[in-house]
Amino acid sequence: MSKYEADNEIVLKASCVAGSGIVAKVTTFLAERGCYISELAQFDDEDSGNFFMRARFHVENGGYQISDLQNEFPEVAASFDMKWEMVSVKSPMKTLIMVSKFDHCLDDLLYRLHKGEINMEITAIVSNHKDLRPMAEREGIRFVHLPVTKENKLEQEAALLAIVEETGSELVVLARYMQILSDGLCQQLSGRAINIHHSFLPGFKGAKPYHQAHARGVKLIGATAHYVTSDLDEGPIIEQSVQPVDHTFNADALVAVGRDTETVALARAVKLHTEHRVFQDGNKTVVFK
Ligand SMILES: Nc1nc2c(c(=O)[nH]1)N[C@@H](CN(C=O)c1ccc(C(=O)N[C@@H](CCC(=O)O)C(=O)O)cc1)CN2
């Protein structure tokens, strides 16, 4: 049985300022309500003073419903001023994917969706170009063409946001979407927009990273999946992937082999986020794999 088929599995994500008694209070809350904890992870970031924990559990003997637990947990959360969420594992995360002309990341995500590797429901594919409409229509997925110019950027982003809200999208994935999001949109999508940058950040930020890498004579290339922030390519890193190269690789060869690192890094990051395993910790992340 796929781990997503477990009807009653629940995930609790919680973070707060570090202190004693947190794990005890949370696990006691769950135990007292007949919950069997199958996964438990925690991390105490001594630099930031923040504490993070993730529990996966189910209610034995069908007593409490998730709504009951969600109604009663705030008392525990309040005692530690916790930021928390409690969600059903089975619920696929509503995900809107943004693309431009490159198709490899979108194609890979669609494949992994079909294989059941990522528990998401694609609500729409939005693009500033028409090139990937056939790929969306092949899958029966709504495709929205939102062309963008310097003059219409704010209107274009408003239209995008309207689709995010209309579809109830919880996550926006920039699958090689080659437009810089405005500060306002970054704020609106804070913590729920993931981008794939085609370099091993912090190296080779900005445009044409493979050409930068070729000029530098690197022996490794990579890709970085990160949350989108106003600071281009500076968002909290979720996942990275690298692979070896050498002097025989010209820039086009780096682009070609780089596609594998981009798809792997992005798919892993989306999977981790949809499984509620990623926490933002300042400009970094904590990832419970
Ligand atoms: N606010 C942010 N927006 C975006 C981020 C980000 O981190 N913060 N990541 C980029 C992706 N990206 C590199 O990975 C990137 C994409 C596009 C550009 C760029 O210069 N775009 C030009 C237009 C280029 C074109 O029309 O072909 C522009 O927007 O003016 C740089 C980096 C996604 N957005």
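Atom set for the values below is all heavy atoms of this structure, side chains included, hydrogens, waters and symmetry mates excluded. Each ligand, and each atom within it, is numbered from 1 in the order the structure gives.
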Main-chain N/O of Val287 paired to Thr285 side chain as donor or acceptor, under 3.5 Å: no
Side-chain donor-acceptor contact under 3.5 Å, His198 with Arg176: yes
Atoms in ligand 1 with a heavy atom of Met178 nearer than 4.0 Å: 16 (C), 17 (C), 21 (N), 23 (C), 24 (C), 25 (C)
Element-labelled atoms of ligand 1 that are located less than 4.0 Å from some non-hydrogen atom of His226: 7 (O)
Min heavy-atom dist Ile196 to ligand 1 below 4.0 Å: yes
Donor on one side chain, acceptor on other, Asp231 and Thr229, under 3.5 Å: no
Shortest protein contact, atom 2 (C) of ligand 1 (heavy atom only): Thr229 O, 3.4 Å
Test of proximity, Leu181 against ligand 1: N or O pairs below 3.5 Å: yes
Structural part of Asn195 in contact with ligand 1, heavy atom criterion under 4.0 angstrom: side chain
Atom 13 (C) of ligand 1 [closest protein heavy-atom partner, distance rounded to 0.1 Å]: His197 ND1, 3.2 Å
Gln179 N/O under 3.5 Å from ligand 1 N/O: yes
Heavy-atom donor-acceptor pair, Asn119 side chain to Val89 backbone, under 3.5 Å: yes
Side-chain donor-acceptor pair present, His197, Ser199, cut-off under 3.5 Å: yes
Contact (N/O only, under 3.5 Å) between Asp233 and ligand 1: yes
Within-cut-off N or O pair, Ile180 and ligand 1, under 3.5 Å: yes
Residue-ligand contact Ala207/ligand 1, heavy atom below 4.0 Å: no
Expected output: side-chain Arg192 to main-chain Gln188 donor-acceptor under 3.5 Å: yes
